[in-house]
Asker: 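The following block contains the structure, expressed as structure tokens.
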Amino acid sequence: MDTVKVGKFISELRREKHLTQEQLGEKIGVTNKTISRWENGNYLPSIEMLEMLSKEFSVSINEILCGERIDESEYRKKADEIITDIAKSDVFSLEEKYKYWKKKWLKEHIFLIVMSVVLMLILIFLCVYMRWYIFVGFVPIVTYCFLNNRMMSYVEQNVYDIKQEE
């Protein structure tokens, strides 16, 4: 995605409406400096701002991101190109997000992990002491499953941005 082209297009749309950067900024709730940064191609507007610009200028978000008006026949092709560009420019891959959130969960839940291991050792000792040898193997498996399930729920919730219902 060409941020300079997007910026020039925003500037062109603003001038068509006979608006200054300050006037446009007031309408959508940002400073004229922010508008200037967009128009210079230094930054891209957030999705919320793209929606507001789209409504203000009566163009689609796709057209803003392409930096040009799009003919109906090319609309789908351009939309696919934009989606591909955005996906390629994502900072983290799915695998990197997965590793990050897994590591974060482990750091945040170190106390739970330590307490689970201590409890597991106590249960193993009790099973051996009471001569319930058959249960000795189940204790670490159950502990591992419990911790892994909690971790994976947390990781998936954050990797896929799933909102928890309260």
Side-chain angles (χ1 to χ4, degrees), residues 1-116 143-166:
M1 185 172 353
D2 187 354
T3 57
V4 174
K5 187 175 179 183
V6 171
K8 286 181 182 178
F9 187 61
I10 293 171
S11 176
E12 179 184 312
L13 293 171
R14 177 181 58 79
R15 288 188 180 117
E16 284 176 9
K17 284 250 184 173
H18 306 289
L19 296 171
T20 65
Q21 289 179 343
E22 190 170 333
Q23 290 169 331
L24 176 59
E26 287 174 8
K27 281 188 166 201
I28 63 172
V30 296
T31 65
N32 61 332
K33 203 171 215 173
T34 300
I35 302 293
S36 175
R37 288 177 182 147
W38 294 342
E39 291 181 358
N40 289 326
N42 296 333
Y43 296 99
L44 280 175
S46 67
I47 190 66
E48 294 84 9
M49 291 296 116
L50 286 171
E51 288 176 324
M52 294 175 93
L53 289 169
S54 172
K55 289 176 186 168
E56 180 65 33
F57 297 130
S58 302
V59 295
S60 69
I61 292 174
N62 195 29
E63 288 174 308
I64 295 173
L65 292 175
C66 284
E68 62 188 358
R69 296 190 193 274
I70 302 171
D71 188 74
E72 285 293 320
S73 62
E74 292 187 16
Y75 194 83
R76 185 178 174 103
K77 180 183 172 206
K78 291 286 188 176
D80 288 345
E81 288 174 11
I82 290 294
I83 289 171
T84 303
D85 285 347
I86 290 171
K88 285 180 181 175
S89 68
D90 193 8
V91 177
F92 298 107
S93 70
L94 201 55
E95 184 178 336
E96 290 170 327
K97 287 180 184 178
Y98 182 84
K99 287 178 182 177
Y100 169 81
W101 287 107
K102 187 174 180 178
K103 191 174 183 179
K104 184 173 168 84
W105 185 89
L106 289 170
K107 284 182 182 177
E108 288 177 357
H109 294 85
I110 193 73
F111 181 74
L112 173 68
I113 295 166
V114 170
M115 292 308 295
S116 296
T143 304
Y144 171 79
C145 290
F146 169 75
L147 290 173
N148 194 54
N149 187 30
R150 293 209 36 184
M151 178 183 60
M152 294 313 295
S153 296
Y154 175 85
V155 169
E156 288 176 4
Q157 182 179 15
N158 287 290
V159 167
Y160 300 111
D161 295 325
I162 300 169
K163 302 293 183 214
Q164 262 187 343
E165 294 183 30
E166 296 177 28

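Remember, it's a predicted structure, so these values are computed and weren't measured experimentally.
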Asker: Any side-chain heavy atom of Thr3 within less than 4.5 Å of one from Asn42?
Answerer: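 A side-chain contact under 4.5 Å is absent here.
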Asker: How about Pro45 and Ile10: do any of their side-chain heavy atoms sit closer than 4.5 Å?
Answerer: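 Answer yes - side chains close enough.
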Asker: Indicate whether any N or O donor in one side chain lies under 3.5 Å from an N or O acceptor in the other, for Glu22 and Thr20.
Answerer: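 Not at all, the side chains of Glu22 and Thr20 share no donor-acceptor pair under 3.5 Å.
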Asker: Atom CD1 in Ile61, atom NZ in Lys55: separation rounded to 0.5 Å?
Answerer: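 Rounded to the nearest 0.5 Å, the CD1-NZ separation comes out at 8.5 Å.
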Asker: Taking atom CG of Leu44 and atom CG of Leu50, what is their separation to the nearest 0.5 Å?
Answerer: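 So the gap between those two atoms works out to 7.5 Å.
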Asker: If every non-hydrogen atom of Cys66 is compared with every non-hydrogen atom of Lys78, which pair is closest and at what distance?
Answerer: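 In terms of heavy atoms, the two residues are closest at SG-CB, 3.7 Å.
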Asker: Take a 6.0 Å sphere around NZ of Lys17 and say whether it holds more than 12 heavy atoms from other residues, nucleotides or ligands.
Answerer: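 Buried by this count: over 12 neighbours within 6.0 Å.
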Asker: Which atom pair, heavy atoms only, marks the closest approach of Ile64 to Ser54?
Answerer: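 For Ile64 versus Ser54, the nearest heavy atoms are CD1-N, 3.7 Å.
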Asker: So Tyr154 and Trp101, would you call those rings parallel, tilted or perpendicular, with 30° and 60° as cut-offs?
Answerer: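 Tyr154 vs Trp101 ring planes: perpendicular.
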Asker: Under a 3.5 Å distance rule, please check whether Asn148 uses its side chain to pair with a backbone N or O of Tyr144 as donor and acceptor.
Answerer: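 No; zero donor-acceptor contacts below 3.5 Å.
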Asker: So, taking the atom named CG in Leu19 and the one named CG in Leu13, what distance separates them when rounded to the nearest 0.5 Å?
Answerer: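 That separation rounds to 10.5 Å.
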Asker: If you define the side chain from C-beta out and look only at heavy atoms, does anything of Trp105 sit under 4.5 Å from Asn158?
Answerer: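 Trp105 vs Asn158: side chains apart.
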Asker: Shortest non-hydrogen contact from Glu63 to Arg69?
Answerer: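 Taking every non-hydrogen atom into account, OE2-CA, 3.6 Å.
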Asker: Taking the side chain as everything from C-beta on, heavy atoms only, tell me whether Met49 gets closer than 4.5 Å to Trp38.
Answerer: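 Yes, side chains in contact.
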Asker: Kindly compute the distance separating CD (Glu51) from CD (Glu48), expressed to the nearest 0.5 Å.
Answerer: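 Going from CD on Glu51 over to CD on Glu48, the span is 6.5 Å.
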Asker: Which heavy atom of Met52 sits nearest to which heavy atom of Ile28, and what is that distance?
Answerer: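 Smallest heavy-atom distance, with atoms named: CE-O, 3.4 Å.
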Asker: Mind checking whether Lys33 and Arg37 have side chains closer than 4.5 Å, heavy atoms only?
Answerer: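 Yes, close enough: below the 4.5 Å cut-off.
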Asker: What is the minimum heavy-atom distance between Gln21 and Asn32, and which atoms define it?
Answerer: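 Smallest heavy-atom distance, with atoms named: OE1-O, 3.7 Å.
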Asker: To the nearest 0.5 Å, what is the distance between CE (Met152) and CG (Leu147)?
Answerer: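 That separation rounds to 13.0 Å.
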Asker: Write down the atom of Ile35, the atom of Val30, and the distance for their closest heavy-atom approach.
Answerer: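 That would be CD1-CG2, 3.6 Å.
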Asker: How long is the straight-line distance from NZ of Lys107 back to NZ of Lys104, given to the nearest 0.5 Å?
Answerer: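 With rounding to 0.5 Å, NZ (Lys104) is 9.0 Å from NZ (Lys107).
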Asker: Side-chain contact, heavy-atom cut-off 4.5 Å: Phe57 with Leu24?
Answerer: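 When only atoms from C-beta onward are counted, Leu24 and Phe57 do touch, with a gap below 4.5 Å.
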